[in-house]
Structures are given as C-alpha cells and as structure tokens.
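Right, one structure below, let's go through it.
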Amino acid sequence: MPELPEVETTRRGISAPLRGRIVTGLTVREARLRWPLQRGLSAQVTGQRVGSVGRRAKYLLIELETGTLIAHLGMSGSLRVVSPGIPPGVHDHYDLLLSSGKCLRFNDPRRFGSLLWTRRDPERHRLLAGLGPEPLGADFSGDYLASVACGRRVAVKPFIMDQRIVVGVGNIYASEALFRAGIDPRRAAGRTSALRLGDLVAAIRETLDQAIRQGGTTLRDYVDPRGHPGYFRQQLFVYERAGRPCRRCGTPIRRVVQGQRASYFCPSCQR
DNA sequence: ATGGGCACCTGGCTGC
DNA sequence: TGCAGCCAGGTGCCCA
C-alpha cells in the first residue's frame with residue numbers, strides 16, 4: 001500500500017469532492033475485506049453530510065454527522081472519485097455515492113483494505129488507539145525516538161515500521177530513510193546513537209515530505225483519486241534496486257529479508 | 001514486554 | 001503453452 005504519502009495524497013484528492021456533499025448510498029459488491037464490512041452500513045451513513053476528511057497514520061477519516069468512516073487501503077487499495085455510471089471493474093469493492101452525482105470508488109485486488117464505521121471519537125477506535133506519533137508532527141523528535149529505542153534489540157528497520165513507535169513508515173520509505181540517514185537497516189535500534197536517531201527522524205520527515213510533494217510512489221497498483229500514478233519512484237535511492245549501483249557511491253545495492261519483508265541498502269554508505 | 005512468524009488475498013513475473 | 005514457485009506498498013494476532 002500505500003504508505004503515508006499515498007494515503008495523504010488520497011486524502012487531499014478526495015477532500016474537495018466529498019466535503020459538504022450528502023451521502024446518498026453505499027454500494028457494496030464485495031464485503032469480505034480485511035475486516036468484513038458491517039451489515040447495514042449503507043443505512044447507517046445514507047443521508048448524512050460529509051464534514052472534513054482527515055488522516056491518522058494510514059487511516060482515512062471521513063467525518064459524517066453521527067460518526068466517522070475509517071478507510072484503510074491495505075497493500076493494493078486505491079480510492080477514486082468517478083461517475084457511478086462507469087462500469088465497475090473486478091476489484092471495485094464499494095462505491096460511496098454522493099449528492100454531487102459522483103462516487104468514491106474503492107479498488108483493491110488483494111482485499112487487505114477495509115472500511116469501518118464508528119460513532120465515537122475515531123482516535124479511540126480499537127485499531128487507532130495504540131498508534132504512535134505522526135512522523136510529520138512535533139511529537140516525533142530525536143529525543144523521543146532515542147527514548148523508545150533504549151534497550152530494544154530489534155533491528156532499526158522493523159522498529160521504525162512498528163506503528164506503535166511512529167506511524168506511516170512502510171517498507172519503501174523505511175529503506176529510503178535509512179539510506180538517507182546512513183544507517184544499516186540491520187543495526188539494533190537500541191545500539192544506534194541518539195545523534196544518529198536524530199538524523200533518522202530528519203530523514204524520515206524529508207523522505208515522506210518529498211514523496212507527498214511528488215504524489216507518492218507508484219510501484220504497481222497505486223493511483224491517486226484522479227487516476228494518476230505517483231512520481232516519487234524516480235527519486236528512490238535503494239528500494240527495488242538490488243544489484244544496481246548506489247546513486248551516491250556506486251557500490252551494488254544489497255537486498256536482505258527482515259521480518260519477511262525485503263530491505264534494501266548500500267553496504268558502503270550505511271553502517 | 002519483546003521478538004519472531006503466520007495469516008489474510010490476488011496477480012504478475014520467472015523459470016522449468 | 002502450462003504451471004509451480006516466488007514476490008508484492010500492511011498489520012493483527014499467536015506463540016515462545
């Protein structure tokens with residue numbers, strides 16, 4: 001999926017077409033997503049005006065009058081604003097119909113995405129309650145990262161992908177940020193100096209920020225709400241570049257597996 | 001508490 | 001051409 005930059009690009013794209021519109025229905029073609037779609041969800045949301053469209057971690061928060069729709073894109077999901085008259089494709093699982101005559105259409109080949117409904121403060125929802133700080137927010141600092149890394153033997157790469165530590169850093173940007181900070185992804189989190197963790201915080205911020213400005217990264221499925229891919233792929237230093245020369249020093253990029261996920265790094269630039 | 005592994009799914013690509 | 005095997009942007013849950 002979509003990591004934070006892709007979710008944020010999606011949020012920006014769907015915000016204007018949704019805000020202030022009335023939900024006129026919800027068409028569900030496939031309810032078996034990561035969490036099965038709640039029965040009767042359409043009746044719950046129909047007739048309500050959309051307020052703001054927010055984001056917490058990789059969750060999109062579509063605020064309605066009596067609650068919030070929480071959408072997650074999983075690994076391969078995308079949301080587009082289209083005319084409901086356009087025939088749905090095989091993996092178009094739901095349409096949120098709007099008074100504007102358009103709809104928000106969710107496509108997700110792997111069905112790891114979800115759509116949840118809560119009447120309470122979404123921050124208190126079971127899936128959001130334990131999340132760490134936003135990487136682009138003020139709470140995410142070198143001091144914070146050093147304090148939570150203390151004593152941790154887990155490798156730094158899975159550590160920064162742990163959503164309880166910091167949210168939004170997925171497999172692409174974890175590798176990219178570690179390259180920019182010059183840190184070997186296999187290094188234990190607790191054996192990385194506070195100074196270097198400070199560099200890592202800056203690198204995560206810079207990487208995510210640049211990716212958002214480029215509309216995210218498209219590897220395979222991802223498209224923004226207008227159907228366009230993201231252009232950050234051209235800026236990737238290491239991700240999916242195994243065997244190719246490091247853009248900084250020419251050393252072949254290495255691929256290793258950590259926690260069943262591929263990690264890419266330059267053995268010369270990263271220590 | 002921590003770390004590691006599996007599960008959930010489909011599709012695209014590689015190599016025999 | 002067909003098919004097995006591997007890989008893919010996430011993350012909740014189970015086990016030791």
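Lettering follows sequence order; numbering is per chain, from 1. Keep in mind that this is a model prediction, so the values were computed, not measured.
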Exercise answer: donor-acceptor pairs, residues 149-160 of chain A side-chain atoms, under 3.5 Å, sequence neighbours excluded:
residue	atom	partner	partner atom	Å
A:K157	NZ	A:N171	OD1	2.4
A:K157	NZ	A:A262	O	3.1
A:K157	NZ	A:S263	OG	3.0

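For A:R29, the CZ atom sits in a packed shell: over 12 heavy atoms of surrounding residues, nucleotides or ligands are nearer than 6.0 Å.
A:R126 comes within 4.0 angstrom of sugar-phosphate atoms only, judged by non-hydrogen atoms across all strands, and of no base. Within the nucleic acid shown, A:R255 comes within 4.0 Å of sugar-phosphate atoms alone, with no base atom in reach, counting heavy atoms only.
One atom, CZ of A:R164, and another, P of C:dG10, lie 16 Å apart when rounded to the nearest Å. Counting to the nearest Å, the P atom of C:dC7 and the CD1 atom of A:I172 are 18 Å from each other. One atom, CD of A:Q214, and another, C1' of C:dG9, lie 17 Å apart when rounded to the nearest Å. Computed from coordinates, the A:Y239 OH to C:dG10 C1' distance equals 12 Å when rounded to whole Å. Between A:L73 atom CG and C:dA8 atom P the separation is 20 Å, expressed in whole Å. Residue A:R241 contributes atom CZ, which lies 19 Å from atom C1' of C:dA8 at whole-angstrom precision. When the P atom of C:dG12 is taken as reference, atom CG of A:L33 falls 15 Å away, rounded to whole Å. The interatomic distance linking A:R261 (CZ) with C:dC6 (P) rounds to 18 Å, in whole Å.
Side-chain contact between A:T24 and A:L98: absent, with no pair of heavy atoms (C-beta onward) separated by less than 4.5 Å. With contacts defined as side-chain heavy-atom distances shorter than 4.5 Å, the pair A:K58/A:L73 does not qualify.
Each of A:L26, A:V45, A:V23, A:L61 was compared with A:L69 under the side-chain contact (heavy atoms from CB on, under 4.5 Å) criterion, and only A:V45 meets it.
Using P as the reference atom, C:dC7 and B:dG5 are 15 Å apart when rounded to the nearest Å.
Side chain of A:Q163 to backbone of A:G168: a donor-acceptor contact under 3.5 angstrom is found. With A:E176 contributing its side chain and A:T207 its backbone, the two residues share no donor-acceptor pair below 3.5 Å.
Annotated stems with DNA chain B as a participant read B:2-8 with C:10-16, B:10-16 with C:2-8, given as range with range, by first number; only runs of 3 or more Watson-Crick or G-U pairs under 3.5 Å qualify.
With a 6.0 Å cutoff to the six-membered ring centre and a 45° limit on the axis angle, A:R248 counts as a cation-pi contact of A:F237.
No side-chain N or O of A:Q270 forms a donor-acceptor pair with one of A:R187 less than 3.5 Å apart.
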Verdict with reasoning, A:R255 to A:E240, per salt bridge (Lys or Arg N to Asp or Glu O under 4.0 Å): CA-CA 8 Å; A:R255 177 186 187 274; A:E240 285 194 337; over 6 Å; no

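Residues from residues 173-191 of chain A lying near DNA chain B, meaning a heavy-atom separation below 4.0 Å, are absent.
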Generate the contact string for nucleotides 4-11 of chain B. Rules: B means base contact, S means sugar-phosphate contact only, - means no protein heavy atom under 4.0 Å. -BB-BBBS

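Partners of A:Y239 by ring-ring contact (aromatic ring centres under 6.0 Å, His included), not counting sequence neighbours, listed by chain and number: A:Y264. Applying the ring-ring contact (aromatic ring centres under 6.0 Å, His included) rule to A:F112 yields no partners; only residues at least two apart in sequence or on another chain are considered.
Checked against C:dT11, C:dG9, C:dG12, the side chain of A:H72 finds its nearest nucleotide in C:dT11.
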